[in-house]
Amino acid sequence: MRLLAVDDDALILDLLKTTLLANGYDKVVTAGDAKQAAAIISGATEPFDAFLLDIMMPEVTGIELARWIRKIPQYQAAPIL
């Protein structure tokens with residue numbers, strides 16, 4: 001399963017990635033903010049299966065990022081947490 005985790009707190013991202021990898025999720029990509037996440041999603045050659053988003057981020061919130069993700073046809077039904 002290919003996951004994208006987005007959080008502006010580097011410590012949380014490291015903890016999340018370590019925990020996911022330890023539990024068998026070997027395709028975890030991280031982004032430090034919504035703009036970086038959007039660039040990663042737009043440039044992805046392999047689609048993501050799910051997204052883990054922090055809600056409270058500067059400039060663009062996780063809610064706004066989720067709305068943007070939902071506008072992409074292949075992600076209309078993708079899990080977003």
Side-chain angles (χ1 to χ4, degrees):
M1 176 173 274
R2 190 158 190 250
L3 305 172
L4 176 62
V6 186
D7 198 308
D8 60 317
D9 186 329
L11 181 62
I12 297 295
L13 276 182
D14 287 341
L15 179 62
L16 186 57
K17 186 170 185 173
T18 300
T19 302
L20 289 168
L21 290 171
N23 285 285
Y25 295 94
D26 60 344
K27 296 180 180 179
V28 180
V29 178
T30 61
D33 61 36
K35 289 180 182 180
Q36 183 182 15
I40 290 169
I41 293 166
S42 296
T45 57
E46 181 182 348
F48 291 95
D49 298 302
F51 302 91
L52 305 170
L53 310 180
D54 179 15
I55 291 176
M56 300 293 291
M57 292 188 290
E59 296 184 40
V60 179
T61 69
I63 299 295
E64 293 167 322
L65 178 58
R67 287 185 184 129
W68 180 81
I69 292 169
R70 286 285 182 239
K71 290 179 183 177
I72 302 171
Q74 72 188 55
Y75 297 128
Q76 288 180 348
I80 300 176
L81 304 172

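Hydrophobic clustering, defined by side-chain heavy atoms of Ile, Leu, Val, Met, Phe, Trp and Tyr closer than 4.5 Å, leaves Val60 isolated from every other such residue. Alongside Val6, the hydrophobic cluster contains Leu4, Val29, Ile40, Ile41, Phe48, Phe51, Leu53, Met57, Leu65, Trp68, Ile69, Ile72, Tyr75, Ile80 (criterion: ILVMFWY side chains under 4.5 Å).
Identified under the salt bridge (charged side-chain N to carboxylate O under 4.0 Å, His left out) test for residues 49-62, with sequence neighbours left out: Lys35-Glu59. Annotation: salt bridge (charged side-chain N to carboxylate O under 4.0 Å, His left out) contacts involving residues 61-74, sequence neighbours excluded, are absent. Listed by first and then second residue, the ring-ring contact (aromatic ring centres under 6.0 Å, His included) pairs involving residues 8-30 amount to none (not counting sequence neighbours).
Residues satisfying the side chain to side chain donor-acceptor pair (under 3.5 Å) criterion with Gln76, sequence neighbours excluded, are absent altogether. Listed by chain and number, the residues in a side chain to side chain contact (heavy atoms under 4.5 Å, CB included) with Glu46 are Arg2, Lys27 (sequence neighbours excluded). Under the side chain to side chain contact (heavy atoms under 4.5 Å, CB included) criterion, Leu13 pairs with Ala5, Asp7, Thr30, not counting sequence neighbours. Residues passing the side chain to side chain contact (heavy atoms under 4.5 Å, CB included) test with Asp14: none are found, sequence neighbours excluded.
Follow the hydrophobic side-chain contacts under 4.5 Å out from Leu81 and you reach Met1 in the same cluster.
Rounding to the nearest 0.5 Å gives a distance of 12.5 Å between CG of Leu52 and CD1 of Ile12. Atom CG in Asp9 sits 9.5 Å away from atom CG in Leu15 (nearest 0.5 Å).
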